Student: 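So that we are looking at the same thing, I have put the structure below in structure tokens.
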Amino acid sequence: MMAPSNDLARVLDGKVRRHESLARHTSYRIGGPADWFAQPETTAELGALLVAARAAGVGVTLLGGGSNMLVGDGGVRGLVVKLGRGFRRATWRPDGVRAGAAVQLGRLARDSATRGLAGLEHAEGIPGTVGGALFMNAGAYGGDVATVVRAIEGIGPDGVSRELPAVDVPFRYRRADLPEGFVVTAVDFALRPDDAAAVRVRMEAVRARRVASQPHGEPNSGSVFKNPHGDHAGRLIEAAGLKGWRVGGARISERHANFIVNGGGAQASDVQTLMAIAQRAVWERSGVWLEPEVRLVGRW
């Protein structure tokens with residue numbers, strides 16, 4: 001990259017880094033380098049960065065917490081943005097919370113329970129940030145983000161801050177249809193007062209189910225495929241006899257077949273190959289084509 005180098009580096013006083021390894025920023029611990037990498041701490045910094053990137057013709061990729069994402073071994077062209085600590089603040093109300101996009105969703109759920117606020121119990125143990133969870137409409141065990149969102153704060157590619165009422169944002173299974181180029185900076189959740197002990201009991205039940213059924217101790221991105229209507233991707237993959245299958249350092253989990261884990265030294269291409277094997281095997285056995293839930297980004 002030529003001219004964009006000076007423009008981008010100048011925006012954050014030289015805090016825009018070249019060739020940052022993305023493996024250290026993803027839950028998979030996989031991924032090549034970003035051409036440019038920045039962690040803005042304020043909405044003003046983020047807005048200036050987006051404007052500079054747009055003016056320079058540089059593409060922008062939002063990293064979030066790096067979960068539910070598989071970064072190609074060739075890295076990511078353009079600018080990768082990961083929101084900094086300034087976006088990890090939460091402002092509580094008697095009926096909800098406005099949480100910065102970089103707040104960890106699981107921690108927010110636990111803090112809600114402590115304050116006797118219900119609505120986020122399903123989020124216990126979901127990896128990633130509030131912003132990423134909003135974008136993916138993250139959910140589990142009968143709940144999802146869409147059911148508790150009141151409003152969304154963000155910045156467009158023109159650097160201007162906007163607030164979107166939740167009713168103006170179409171939500172679907174594992175996706176929120178946000179305006180193109182819109183970067184989420186905070187989410188306002190509408191929660192309901194409840195007995196704190198009762199909320200914790202429900203949250204503990206969710207945690208117990210998650211611990212019992214999902215792999216732990218090996219890097220992964222969470223569920224790899226979306227559940228097809230009326231069925232579960234994990235059941236279909238297991239029925240195809242693929243539990244424990246390996247390619248390179250990647251392996252389909254023996255505990256839950258909709259998880260592909262990095263067993264050590266896995267490449268993105270290993271995970272992608274296993275995904276393709278699972279899709280073909282399930283199609284041939286069950287006539288269902290599995291749609292990825294994990295986002296594949298970058299160069300392959």
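These numbers come from a predicted model, not from an experiment. Along the sequence shown, the residues carry numbers beginning at 1.
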Student: Hey, does V149 have a side-chain heavy atom less than 4.5 Å from the side chain of F189?
Tutor: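 In contact.
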
Student: Please report the interatomic distance CG(L236) to CZ(F225), rounded to the nearest 0.5 Å.
Tutor: 11.0 Å

Student: Restricting to non-hydrogen atoms, name the atom on V60 and the atom on A53 that form the minimum distance, rounded to 0.1 Å.
Tutor: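 Minimum heavy-atom contact is CG2-CB, 3.7 Å.
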
Student: What do you reckon, is CZ of R175 surrounded by more than 12 foreign heavy atoms closer than 6.0 Å?
Tutor: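 Yes.
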
Student: To the nearest 0.5 Å, how far apart are OG1 in T26 and CG in N68?
Tutor: 12.0 Å

Student: Within the 4.5 Å heavy-atom criterion, are L120 and M203 side-chain neighbours or not?
Tutor: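 No, every pair of side-chain atoms sits at 4.5 Å or beyond.
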
Student: Taking the side chain as every heavy atom from C-beta outward, state whether W283 and L290 have any atom pair closer than 4.5 Å.
Tutor: no

Student: Supply the atom-to-atom distance S223 OG to H256 NE2, rounded to the nearest 0.5 angstrom.
Tutor: 5.5 Å

Student: Please tell me whether I260 and I30 are part of a single hydrophobic cluster in this structure, the criterion being side-chain heavy atoms less than 4.5 Å apart.
Tutor: yes

Student: Kindly determine whether I152 and F182 satisfy side-chain contact (heavy atoms from CB on, under 4.5 Å), including the steps that lead there.
Tutor: CA-CA 10 Å; I152 304 158; F182 185 81; 4.0 Å; yes

Student: Count the heavy atoms belonging to other residues, nucleotides or ligands that lie under 6.0 Å from CZ of R299, then report whether that count exceeds 12.
Tutor: yes

Student: Taking side chain as C-beta onward, heavy atoms only, is Q104 less than 4.5 Å from T129?
Tutor: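 Counting from C-beta outward, Q104 and T129 do come under 4.5 Å.
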
Student: If the threshold is 4.0 Å, N to carboxylate O, is there a salt bridge linking E291 and R174?
Tutor: no

Student: Mind listing the closest non-hydrogen atom pair of A90 and L108 along with its distance?
Tutor: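 Heavy-atom minimum between the residues: CB-CD1, 4.4 Å.
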
Student: Kindly check if the number of other-residue, nucleotide or ligand heavy atoms within 6.0 Å of CZ (R150) is above 12?
Tutor: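 Correct, the count exceeds 12.
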
Student: I want to check something: taking the side chain as every heavy atom from C-beta on, are L178 and L134 in contact at a cut-off of under 4.5 Å?
Tutor: yes

Student: Can you check side-chain contact (heavy atoms from CB on, under 4.5 Å) on V184 and V130, steps first, answer last?
Tutor: CA-CA 9 Å; V184 177; V130 164; 5.9 Å; no

Student: Does CZ in R98 sit with more than 12 non-hydrogen atoms of other residues, nucleotides or ligands closer than 6.0 Å?
Tutor: yes

Student: Distance-only, no hydrogens or angles: does the N258 side chain make a donor-acceptor pair with backbone N or O of H232 under 3.5 Å?
Tutor: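 Answer holds: no.
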
Student: Before accepting this row, confirm whether a basic side-chain N of the pair R255/E218 lies closer than 4.0 Å to the acidic partner's carboxylate O.
Tutor: no

Student: How long is the straight-line distance from CG of L22 back to OG1 of T61, given to the nearest 0.5 Å?
Tutor: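 One gets 9.0 Å once the value is rounded to the nearest 0.5 Å.
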
Student: Linking I/L/V/M/F/W/Y whenever their side-chain heavy atoms sit closer than 4.5 Å, directly or via other members, would W36 and L63 fall into one cluster?
Tutor: no

Student: How close do D73 and A268 get, counting heavy atoms only, and between which atoms?
Tutor: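 Distance-wise, the nearest heavy atoms are OD1-N, 2.8 Å.
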
Student: Check whether any side-chain heavy atom of V80 lies under 4.5 Å from a side-chain heavy atom of K82, and answer yes or no.
Tutor: no

Student: Under 4.0 Å between a Lys/Arg side-chain N and an Asp/Glu carboxylate O for R110 and E124?
Tutor: yes

Student: Verify the cluster assignment for L105 and V148: are they in a single hydrophobic cluster under the rule of side-chain heavy atoms below 4.5 Å apart?
Tutor: yes

Student: Could you tell me if the side chain of N227 sits less than 4.5 Å from the side chain of Y173, heavy atoms only?
Tutor: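 Of all side-chain heavy-atom pairs linking N227 with Y173, at least one is under 4.5 Å.
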
Student: If we ignore hydrogens and angles and just use 3.5 Å, is the side chain of Q279 paired with the main-chain N or O of W289 as donor and acceptor?
Tutor: no

Student: Run the side-chain contact (heavy atoms from CB on, under 4.5 Å) test on M275 and L296 for me, step by step, so that the C-alpha distance in whole Å, both residues' side-chain angles and the decisive distance to 0.1 Å come before the verdict.
Tutor: CA-CA 11 Å; M275 290 175 66; L296 276 65; 3.9 Å; yes

Student: Could you tell me whether E238 and R235 have a side-chain N and a carboxylate O separated by less than 4.0 Å?
Tutor: no

Student: If only atom types and distance count, is the side chain of E20 paired as donor or acceptor with the main-chain N or O of A34 below 3.5 Å?
Tutor: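 Answer holds: no.
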
Student: Please evaluate residues F259 and I237 with respect to the criterion side-chain contact (heavy atoms from CB on, under 4.5 Å), reporting the C-alpha separation (whole Å), side-chain torsions for both, the decisive distance (0.1 Å), and the verdict.
Tutor: CA-CA 10 Å; F259 285 69; I237 298 168; over 6 Å; no

Student: Let me confirm one number: the CG-CG distance from N137 to D144, rounded to the nearest 0.5 Å.
Tutor: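 Reported value, rounded in 0.5 Å steps: 4.0 Å.
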
Student: Nearest heavy-atom pair of L191 and G119: which atoms, and what distance?
Tutor: CD2-CA, 4.2 Å

Student: Please check if V294 and V247 belong to a single hydrophobic cluster, counting links between Ile, Leu, Val, Met, Phe, Trp and Tyr side chain heavy atoms closer than 4.5 Å.
Tutor: yes

Student: Where do A257 and G234 come nearest, in terms of heavy atoms and distance?
Tutor: CB-O, 3.5 Å

Student: Return the minimal non-hydrogen interatomic distance between R210 and I126, and the atom names on each side.
Tutor: NH2-CG1, 3.5 Å

Student: Using the rule that Ile, Leu, Val, Met, Phe, Trp and Tyr join whenever any side-chain heavy atoms are under 4.5 Å apart, tell me whether M136 and V297 fall into a single cluster.
Tutor: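 In one cluster: no.
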
Student: Under 6.0 Å from the CZ atom of R246, do we count more than 12 heavy atoms belonging to anything else shown?
Tutor: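 Result for CZ/R246: open.
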
Student: Hey, what do you get for CG (N220) to CZ (R29), rounding to the nearest 0.5 Å?
Tutor: 10.5 Å

Student: Is it true that the NZ or CZ of R251 lies under 6.0 Å from the centre of W245's six-membered ring and within 45 degrees of the ring axis?
Tutor: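 Here R251 fails the 6.0 Å and 45° test against W245.
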
Student: Can you find a pair of side-chain heavy atoms, one from E153 and one from D188, that are under 4.5 Å apart?
Tutor: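 In short, these two side chains do not touch, never coming nearer than 4.5 Å.
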
